[in-house]
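Supplied in structure tokens, the structure appears directly below.
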There are 2 protein chains.
Amino acid sequence: MREHIRKLKVELVKRGLDAFLALQNTRYLAGTTAAKAVIVPADGAPVLICSRLELDQAKREGWIRDVRAFSRWRAPLRPGERVSFCEPRQLLVDCLREFGTRAVGYDRGGRELVRKLRAAHAASYRELPELMLKLRKIKSKEEVTLLQRAAKIAMNGMRCAAESVAVGRTELEVAAEAEREMRIAGSEGTPFSTIAASGRNSWLPHASATRKRLKRGELLVIDLGAICEGYVSDMTRTFALSPTKKQLKLIEIVKRAQTSGIARVRDGMKVREVDRAARAVISRSGYAKYCPHGMGHGVGTEIHEPPGLAPDSKDILRKGMVITVEPGIYVPRLGGARWEDMVLVTKDRRKLLTKQP
Amino acid sequence: MREHIRKLKVELVKRGLDAFLALQNTRYLAGTTAAKAVIVPADGAPVLICSRLELDQAKREGWIRDVRAFSRWRAPLRPGERVSFCEPRQLLVDCLREFGTRAVGYDRGGRELVRKLRAAHAASYRELPELMLKLRKIKSKEEVTLLQRAAKIAMNGMRCAAESVAVGRTELEVAAEAEREMRIAGSEGTPFSTIAASGRNSWLPHASATRKRLKRGELLVIDLGAICEGYVSDMTRTFALSPTKKQLKLIEIVKRAQTSGIARVRDGMKVREVDRAARAVISRSGYAKYCPHGMGHGVGTEIHEPPGLAPDSKDILRKGMVITVEPGIYVPRLGGARWEDMVLVTKDRRKLLTKQP
């Protein structure tokens, strides 16, 4: 993924910046969770800043060679261990000076930090959170491979959840079985607290799993994901325990809405057209009032990334984007239903990264 | 926990502020994950801002009565559902105007947002991230109860991990068993990716669990935590698989260092004295070079909160603080060892929230 750094450099030159200071997108640029900051000069090799505590990890996991560690207090060092005894921002200032930086972009960070950097090294500092989001929207081959791995693990987690659904089980138990399966398969954790929402919880789109036991006559929404080297997956299925006809109908509508949305996914399509296609199925079924969210979102190193699939979206789908399509209907008393899969925009059309288990 | 709002109001008056805008500490102030922002006027009732998607959840979970929801696009509403069709910042501006706010503090947020607020409602806006951290440092009785619950769940998770340690098991399998146990007991997830680090991973303090299998002659560091209503726990144990004498010695040293640190914990003690007491044991054993981190940290709604236990700490321990004490030694090839428990500062002395299983 050294490619990320190459792409960023192209953007820096375009925008007349000498360097980029990443405080948020550090893993994306460095390939390790150990980086506190990454400085990428428009011309030259990037620098990874980390605490002494994570120095070995940064060297072992990351692809940036120039790793500089700080320790806020003096302490004896191991043979060969190189550490600066200073505040982390001193290392940042040293780098900016070394590169002779005049114009720095940064992704996000305390005003306080930038104020101090400015006092120590005169330059123009521009907050550019959109720059990294723009780069992250289009996934490289390696990124797609990781997203596919995360998607596959989520599918297995969902299968495991499905197998553990039974009247009398708690929502937490169902979530726990799915999470265990995903973890053993290599997931780093969950990108969000797994949702297993039954009965009155099912009509809260973001309910988290509770001690509530599954009962007959309830809908159960399970929404889960895995993480592979920082890339996340996201998938939802709705289960019905001895449901009424009206409840089954709800599930059928969200599935049809999803199919309709996914059919619109291709390079060059307006994102809001995908939202509209899915939403139209729900509206025609008379449930427009019970549909409070967008029909999906981009997914990558974060669970919710641009583009958001909503009526006010201005994005255009491009080859290499990975989005979810997830229509949902939430009717108090009747129940909630949502159906979600991950879709890769390909040259020709689309490819589902998660599939019906 | 309406007490949090009362305490915040006292601080606002002291600092001559009319209102506080929370963008980060929303769950702490509102008691729900559904709040996107909370505005607390110095005089008057607080307002919770949420997306339409999370309106029902905000009302069900939170203790703030005045809940205002936004939707960025026009859509049909359910009978009785009140939503403003606007950007979230419009609701913030409306509140600030309604309260006639002249001086607003805020915890943290995009410069961009505050720039737009300022353009729409003239007032002085002051970034005050330390204010909330200061309030959060001292835990109320209810907060201690939640931390105790999270600690108890972590202890059970650790017992479960211990039972699953065996040569040939993967680190991920050990982590998965512990996490499953904690989840079924009600944990909302893990406050950090559970560490199960064996052999060459054990000397990376922040290694995450991998597919590596446990082998004889290795140390295994397990560091885990649970989450109860947003309050987290943190606990570490080191296991030895057919260890050498030198490896056993390492574990013994971190345990002694911890005992020595914990013995200093009491109301009025300088935090750096706790660090010093633990660190001294390691230094006397000749391992000072292999000790790259502080001896603990505050814990609450985040896993790492002030006060940090380090040689440069300026904090004083106060009744109601909850900290971890966690000396660690990391020797390449030999292995890593860390021992961590949570300690509550009481009126008399201290109380361990996690204990040796």
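In what follows, chains carry the letters A, B, and so on, assigned in the order in which the sequence lines appear, proteins first and then strands, with residues in each chain numbered from 1. Only a predicted model underlies this, so the values are computations on that prediction, with no experimental measurement involved.
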Task: Interface moiety of B/Ala288 toward chain A, non-hydrogen atoms closer than 4.5 Å - done: both
Task: Interatomic distance, B/Glu61 atom CD to A/Ser208 atom OG [nearest 0.5 angstrom] - done: 6.5 Å
Task: Minimum heavy-atom distance between B/Leu172 and A/Arg183, given as atom pair plus value - done: CD2-O, 3.4 Å
Open item on the list: Need one label for B/Ala185: side chain, backbone, both or neither, based on atoms under 4.5 Å from any heavy atom in chain A.
Closed with: backbone
- [ ] Using modelled atom types only, decide if a donor and an acceptor are shared between the side chain of A/Arg180 and the backbone of B/Glu181 within a distance under 3.5 Å.
- [x] no
Task: Region of B/Arg60 in contact with chain A, defined by heavy-atom distances below 4.5 Å - done: side chain
- [ ] Go through the atoms of B/Leu204 and report whether side chain, backbone, both or neither lie under 4.5 Å from a heavy atom of chain A.
- [x] side chain
Task: B/Glu179 versus chain A, the contacting section by heavy-atom distance below 4.5 Å - done: side chain
TODO: Heavy-atom distances under 4.5 Å only: say whether B/Thr210 touches chain A with side chain, backbone, both or neither.
DONE: neither
Task: Pick from A/Glu188, A/Glu177, A/Glu173 with the largest number of heavy-atom pairs that fall under 4.5 Å of chain B - done: A/Glu177
Open item on the list: Is A/Glu171 close to chain B through its backbone or its side chain, or both, or neither, when contacts mean heavy atoms under 4.5 Å?
Closed with: neither
TODO: Select one option (side chain, backbone, both, neither) describing which atoms of B/Arg272 are under 4.5 Å from chain A's heavy atoms.
DONE: neither
Task: Interchain contact, B/Arg211 with chain A, by part (heavy-atom threshold 4.5 Å) - done: side chain
Task: Atom group of B/Pro332 that falls short of 4.5 Å from chain A, counting heavy atoms - done: side chain
Open item on the list: Please classify the contact of B/Ala34 with chain A as side chain, backbone, both or neither, using a heavy-atom distance under 4.5 Å.
Closed with: neither
Open item on the list: Within this structure, what is the CG-CG distance for the pair B/Asn201 and A/Asp56, rounded to the nearest 0.5 Å?
Closed with: 11.5 Å
